[in-house]
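Read the structure below first, then the notes.
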2 protein chains.
Amino acid sequence: MDSVEVFKALSNKTRLQILSWLKDPETHFPAQEQMSLDCHGVCVGQIQIKCGLSQSTVSEYLSLLQRTGLVTATRVGQWTYYKRNEEGIKLLEQFIQNEI
Amino acid sequence: MDSVEVFKALSNKTRLQILSWLKDPETHFPAQEQMSLDCHGVCVGQIQIKCGLSQSTVSEYLSLLQRTGLVTATRVGQWTYYKRNEEGIKLLEQFIQNEI
DNA sequence: CAAACATATCGCCTTTTTCCGATATAACAA
DNA sequence: TTGTTATATCGGAAAAAGGCGATATGTTTG
């Protein structure tokens with residue numbers, strides 16, 4: 001885990017919100033079918049609508065969150081579904097408890 | 001706690017190192033007398049030497065860490081001693097566990 | 001095949017961060 | 001008082017991040 005990069009990824013209100021929304025996707029993304037929610041996560045378009053930022057910005061935010069290990073991405077057809085990576089988030093918690 | 005500002009403060013290798021060094025100041029700052037270490041923390045000059053950055057940069061880093069609640073500062077004579085603020089760090093841990 | 005759709009990437013400009021040297025402030029010492 | 005030491009603050013140049021529109025890539029549908 002590159003801790004500096006992880007903290008940079010978290011240094012942004014929108015990206016923090018995305019992570020928080022993905023804790024409870026059923027509540028925050030009702031427009032999407034339940035099945036894909038549970039299986040793979042939430043697709044970029046739904047997250048973009050909720051953020052209110054441009055498509056390119058949200059796509060870049062999500063790929064940053066993925067590079068830093070905070071979410072995982074699954075491509076299914078023309079959609080990319082993102083969900084929280086609880087293991088990566090646990091690594092962050094451990095880093096803060098042990099190294100900071 | 002302004003979580004975005006806290007994560008920005010942690011998005012820097014040197015500032016992370018400072019926090020880590022202050023976990024065990026006796027080991028990392030042997031040049032300083034034990035008494036002030038335990039009482040108030042470590043003074044700016046000692047931290048600056050260990051960082052290898054300019055005096056102004058380190059002073060600004062420390063005041064950023066203080067503004068975000070991660071350390072506390074105590075002025076004693078011509079020295080300012082910095083030490084970890086365990087309460088602020090606990091707030092960060094709780095934020096990560098509850099909000100992220 | 002072409003058109004439509006979802007996402008990713010590129011180029012660009014603006015804003016913020018990084019880090020420095022110079023200078024200011026404050027405390028101490030002679 | 002003057003000089004010295006420790007820290008803080010200011011101003012600026014370079015690098016990075018924020019965020020956009022345009023465009024490219026990949027997938028589905030007709």
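Just so it is clear: chains get the letters A, B, ... in the order the sequence lines come, proteins before strands, and each one is counted from 1.
- Atoms CD (B:Glu60) and C1' (C:dG21) sit 12 Å apart, rounded to a whole Å.
- Across D:dT7, C:dA8, C:dC5, the shortest atom-to-atom separation from the side chain of A:Gln78 is found for C:dC5.
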Validation: residues 87-100 of chain A side-chain donor-acceptor distances under 3.5 Å, sequence neighbours left out:
from, atom 1, to, atom 2, distance (Å)
A:Asn98, ND2, A:Gln94, O, 3.1

Please output the side-chain donor-acceptor pairs of residues 4-19 of chain A that fall under 3.5 Å, not counting sequence neighbours, one pair per line with the distance.
from, atom 1, to, atom 2, distance (Å)
A:Ser11, OG, A:Phe7, O, 2.7
A:Ser11, OG, B:Phe7, O, 3.3
A:Ser11, OG, B:Lys8, N, 3.2
A:Ser11, OG, B:Ser11, OG, 3.0
A:Asn12, OD1, A:Thr14, N, 2.9
A:Asn12, OD1, A:Arg15, N, 3.0
A:Asn12, ND2, A:Tyr61, OH, 3.4
A:Arg15, NE, A:Ala9, O, 2.8
A:Arg15, NH2, A:Lys8, O, 3.2

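- For B:Arg67 and D:dT9, the CZ to P distance is 9 Å, given to the nearest whole Å.
- The nearest whole Å value for the distance from the CG atom in B:Leu65 to the P atom in C:dT18 is 11 Å.
- The shortest side-chain heavy-atom distance between B:Phe29 and B:Leu22 falls under the 4.5 Å cut-off.
- Whole-Å rounding puts the B:Arg75 CZ to D:dA6 P distance at 11 Å.
- In this structure, A:Tyr81 atom OH and C:dA6 atom C1' are separated by 10 Å, rounded to whole Å.
- Between the side chain of B:Arg75 and the main chain of B:Gly77, a donor-acceptor pair closer than 3.5 Å is present.
- Under 4.0 angstrom from either OP1 or OP2 of C:dA8 there lies at least one side-chain N or O belonging to A:Thr80.
- Going from atom CD of B:Gln48 over to atom C1' of D:dA6 covers 10 Å, rounded to whole Å.
- Taking only side-chain atoms of B:Thr57, from C-beta outward, the nucleotide of D:dT7, C:dC20, C:dT9 with the closest atom is C:dC20.
- Within a heavy-atom distance below 4.0 Å of DNA chain C, no residue of residues 3-19 of chain A is found.
- The shortest distance between the side-chain N/O atoms of B:Tyr82 and the OP1/OP2 oxygens of D:dA8 is below 4.0 Å.
- At whole-Å resolution of the value, CG in A:Leu64 and P in D:dG18 are 8 Å apart.
- Closest to the side chain of A:Ser54, from the set D:dT7, C:dT9, D:dC20, is D:dC20.
- Between A:Ile47 atom CD1 and C:dA6 atom P the separation is 14 Å, expressed in whole Å.
- Closest approach of B:Cys43 and B:Tyr81 over heavy atoms only: N-CD2, 3.7 Å.
- To the nearest 0.5 Å, atoms CD (A:Glu60) and CD (A:Gln55) are separated by 9.0 Å.
- Summary of the strand contacts: B:Trp79 and B:Ser56 both lie near DNA chain D, and taking for each the nucleotide with the nearest heavy atom, the more 5' one is attributed to B:Trp79.
- Side chain of A:Asn85 to backbone of A:Thr72: no donor-acceptor contact under 3.5 angstrom is found.
- Counting atom types as modelled, A:Gln55 pairs no side-chain N or O with a base atom of C:dA6 as donor and acceptor under 3.5 Å.
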